[in-house]
There are 2 protein chains.
Amino acid sequence: MAEVSIDDVAKAAGVHRSTVSRAFSKPDAVRAATREHVLRVAAELGYSMNPLAQALRRGSSNLVPLIVPDLTNPFFAELARTTAAAAEARGYQLMLCITDGDTGQTADYVSAMHSMYSPFGIVAPSTRVNLEALRRYAFQNRVVVIDRVEDDPAVPTVTVDSARGVDLALEHLLGLGHSNIAYAPGIVGTYTAQDRWDAYHHAAERHAVPPVVLDAAPGADPGPGLVDHWMREPIRPTAVIASNDLIAFAMISELGSRGLSVPADLSVIGFDGLDLGAQFNPRLTSVRQPITDLGRIAIELGEGLIAGGPPDHVVLEPSLLIRSSTQELRS
Amino acid sequence: MAEVSIDDVAKAAGVHRSTVSRAFSKPDAVRAATREHVLRVAAELGYSMNPLAQALRRGSSNLVPLIVPDLTNPFFAELARTTAAAAEARGYQLMLCITDGDTGQTADYVSAMHSMYSPFGIVAPSTRVNLEALRRYAFQNRVVVIDRVEDDPAVPTVTVDSARGVDLALEHLLGLGHSNIAYAPGIVGTYTAQDRWDAYHHAAERHAVPPVVLDAAPGADPGPGLVDHWMREPIRPTAVIASNDLIAFAMISELGSRGLSVPADLSVIGFDGLDLGAQFNPRLTSVRQPITDLGRIAIELGEGLIAGGPPDHVVLEPSLLIRSSTQELRS
DNA sequence: TTGAAAGCGTTACCAA
DNA sequence: TTGGTAACGCTTTCAA
């Protein structure tokens with residue numbers, strides 16, 4: 001194992017521990033010649049600082065937890081990817097924590113930040129997390145929340161303007177000549193789902209579109225229920241806005257199983273703008289969330305938090321990704 | 001912050017640090033009454049052990065790194081999910097590390113295990129990692145490798161029998177009456193891709209199927225190239241085995257864009273058996289990898305490693321997931 | 001069964 | 001600018 005510690009380097013370099021420490025942590029506090037010598041000796045010995053010991057002593061680490069409900073949803077996977085990149089670029093090490101939608105786990109992870117001496121943590125809640133737990137720690141520890149507006153303005157957030165996104169979708173469909181436009185919600189209880197649901201109702205009202213909300217039986221596979229409901233509608237909607245890309249996938253898949261085709265029989269627009277949608281059949285039109293920005297800004301908000309500034313609330317603009325799952329209404 | 005430490009508990013309980021420590025870490029080494037008293041006081045104070053300090057002192061932590069190339073590939077996302085669950089069930093905390101296919105990063109992460117005092121680490125290499133680096137640490141630190149056979153028998157591995165998988169796919173297609181069966185490779189250089197490529201050739205030979213390997217231009221989107229090649233074939237294959245589900249998605253999507261349909265115009269079978277395939281259009285027939293077992297066994301192998309047993313090499317059996325993207329050849 | 005003391009690898013403060 | 005000392009929160013001998 002031959003684990004080499006700071007004292008080994010000190011001895012080999014003929015200086016004191018503290019000098020070695022400074023050579024690494026505050027280079028300016030040590031004479032250039034000394035520093036270079038120390039660093040060279042350290043390199044020869046294959047030495048590198050022990051982050052655990054550092055964290056313990058300093059009372060702060062570079063471990064930033066990113067708490068997500070489910071990596072299996074490509075949205076969170078993409079989010080994890082971009083956030084990890086942003087974190088790394090700034091010297092943090094992202095610790096991905098998967099809660100599986102479990103509220104208790106989320107709270108556990110947030111409280112574990114404590115003992116990891118994390119400078120801050122990032123939570124991307126899907127199902128409604130225990131707000132109590134979250135907030136209790138959010139005050140003391142530092143948490144930034146992605147994709148969900150908090151009641152508590154002390155918690156910084158990055159979100160995407162759902163209303164604008166739904167508007168974009170609706171206007172796209174309207175422009176294509178559709179007027180009977182349904183909405184396919186995902187798992188209810190999800191915060192973003194609720195948000196988009198509200199947005200749909202407002203947008204529909206504003207554009208004088210009679211709202212039709214498809215019911216999904218809360219089961220494993222939402223496709224069949226949604227499609228059943230759609231087919232039962234007395235006047236079948238010609239287009240549907242899915243609350244997220246996965247729901248759009250499921251509906252299109254189910255439609256296909258029944259010999260129906262998208263966009264010929266139904267125009268479908270998703271929400272998220274996953275890269276995966278470009279490989280779907282048909283290529284999925286979707287409201288794109290700026291996932292890269294989401295991750296980067298979350299990190300920046302975290303840094304703002306430790307810098308002691310006031311908590312920020314950034315709202316990002318979604319955009320329209322027009323691919324092939326929507327088409328002009330043929331009358 | 002009122003961070004409560006072991007000494008606080010000791011004082012409040014009227015015992016010594018070491019007693020508190022033992023009450024948590026080796027319950028049997030302390031009298032029942034004392035233990036309960038200590039634990040109760042600790043609970044009242046909201047105390048919990050600091051894992052960093054523990055690791056530092058013990059020289060070993062419960063942080064297990066899982067190093068994956070890319071979470072955006074749902075295979076790794078599903079793998080991460082199941083491995084995290086298996087890890088948690090056994091008291092480990094999984095640290096997900098994304099390398100983006102970067103060999104250097106993989107080596108960095110593996111060497112970082114050192115300073116994290118990880119008992120072992122799990123690597124799921126996609127692109128060919130720097131074997132040197134990997135092995136150098138693999139000896140001292142303990143690494144188990146997922147989904148890739150190592151030259152070095154000292155490194156424990158869990159893999160899935162590719163040859164068997166390709167065989168399953170081929171036999172399924174043969175049974176459906178196909179005889180002109182192509183293979184669509186993914187990114188070349190990937191270990192598993194190579195493995196499956198070889199397996200295809202062997203299986204084709206064994207079944208007297210003339211091998212047709214579709215060429216993918218090494219670009220971002222493999223669909224168009226693959227489909228182009230397929231269409232250029234003098235005698236068009238009636239079925240294709242994709243080297244993984246993502247490739248199958250891409251091909252089917254591209255086929256759809258060109259007005260062709262699966263499985264009517266071409267039967268497509270994937271490889272991985274992603275849950276996502278059940279929501280594809282059409283629902284994707286695929287060779288299923290036992291992802292859950294992969295994760296669980298990786299953890300078990302790691303534990304075997306720390307127990308000092310000989311390195312194990314587990315080979316898992318794939319199975320066939322028949323959905324709707326393949327159909328009988330209509331002559 | 002419990003207490004005391006030393007130490008894991010680092011940093012912060014105070015002297016020199 | 002550098003060295004010494006104490007401390008971070010815990011575990012592990014060794015005695016009692």
Side-chain angles (χ1 to χ4, degrees), chain A residues 1-39 41-42 45-63 93 111-119, chain B residues 1-39 41-42 45-63 93 111-119:
Chain A
M1 285 299 317
E3 215 35 75
V4 22
S5 86
I6 199 172
D7 279 325
D8 301 325
V9 178
K11 201 166 302 168
V15 296
H16 193 265
R17 295 221 290 293
S18 8
T19 304
V20 179
S21 172
R22 281 185 289 252
F24 278 90
S25 306
K26 11 183 91 132
D28 305 327
V30 57
R31 190 153 48 94
T34 320
R35 179 185 350 120
E36 276 158 32
H37 175 230
V38 168
L39 259 25
V41 171
L45 265 46
Y47 168 79
S48 63
M49 285 266 166
N50 182 325
L52 255 52
Q54 244 176 185
L56 184 58
R57 180 61 240 238
R58 284 181 170 159
S60 102
S61 71
N62 72 335
L63 265 28
Q93 154 81 315
S111 88
M113 287 175 44
H114 249 266
S115 40
M116 287 294 182
Y117 296 103
S118 297
Chain B
M1 281 298 330
E3 212 34 74
V4 21
S5 86
I6 199 172
D7 279 327
D8 301 325
V9 178
K11 201 166 302 167
V15 297
H16 192 265
R17 296 223 285 297
S18 14
T19 304
V20 179
S21 172
R22 281 186 287 252
F24 278 91
S25 306
K26 9 185 90 132
D28 306 326
V30 59
R31 191 154 46 95
T34 320
R35 178 182 355 118
E36 277 157 32
H37 175 232
V38 168
L39 260 26
V41 171
L45 266 45
Y47 168 78
S48 63
M49 285 268 170
N50 182 325
L52 254 51
Q54 245 176 182
L56 186 57
R57 179 62 239 239
R58 285 181 169 160
S60 101
S61 71
N62 73 334
L63 265 28
Q93 154 82 316
S111 87
M113 287 175 45
H114 249 267
S115 40
M116 287 295 182
Y117 296 102
S118 297

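Numbered from 1 within each chain, the chains take letters A, B, ... in sequence-line order. Just so you know, these numbers use all the heavy atoms, side chains as well, and skip hydrogens, waters and symmetry mates.
Mapping heavy-atom proximity under 4.0 Å, the span of DNA chain C touched by chain A runs 5' to 3' from C:dG9 to C:dC13.
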Test side chain to side chain contact (heavy atoms under 4.5 Å, CB included) on B:T19 and B:R22; report intermediate values, then the result. CA-CA 5 Å; B:T19 304; B:R22 281 186 287 252; 4.0 Å; yes

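At the heavy-atom level, A:A55 lies nowhere under 4.0 Å from the strands shown.
What you find for A:V41 and A:V9 is that their closest heavy atoms are CG1-O, 4.2 Å. Of all heavy-atom pairs between A:I6 and A:V20, the closest is CG1-CG1, 3.6 Å. The shortest non-hydrogen separation linking B:F24 to B:A42 is CZ-CB, 3.7 Å.
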Output one letter per nucleotide in nucleotides 9-16 of chain D: B when a protein non-hydrogen atom lies under 4.0 Å from the base, S when only the sugar-phosphate is that close, - when neither is. BBBBB---

Donor-acceptor pairs are to be reported for all side-chain atoms of residues 48-62 of chain A against protein atoms at under 3.5 Å, with residues two or more places apart or in another chain.
from: A:N50; atom 1: OD1; to: A:L52; atom 2: N; distance (Å): 2.8
from: A:N50; atom 1: OD1; to: A:A53; atom 2: N; distance (Å): 3.2
from: A:N50; atom 1: ND2; to: B:Y117; atom 2: OH; distance (Å): 2.9
from: A:R58; atom 1: NH2; to: A:S25; atom 2: OG; distance (Å): 3.3
from: A:S61; atom 1: OG; to: A:L63; atom 2: N; distance (Å): 3.2
from: A:S61; atom 1: OG; to: A:M116; atom 2: O; distance (Å): 2.7
from: A:S61; atom 1: OG; to: A:Y117; atom 2: O; distance (Å): 3.0
from: A:N62; atom 1: ND2; to: A:G91; atom 2: O; distance (Å): 3.1

N/O donor-acceptor pairs under 3.5 Å from side chains in residues 10-17 of chain B, not counting sequence neighbours:
from: B:H16; atom 1: ND1; to: B:S18; atom 2: N; distance (Å): 3.2
from: B:H16; atom 1: ND1; to: B:S18; atom 2: OG; distance (Å): 2.6

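Under the 4.5 Å side-chain criterion, counting only non-hydrogen atoms from C-beta, A:H37 is not in contact with A:T34. Between A:R35 and A:V38, every side-chain heavy-atom pair lies at or beyond the 4.5 Å cut-off.
Rounded to 10 degrees, the angle between the two end axes of the helix from C:dT1-D:dA16 to C:dA16-D:dT1 is 40°, with five pairs used at each end.
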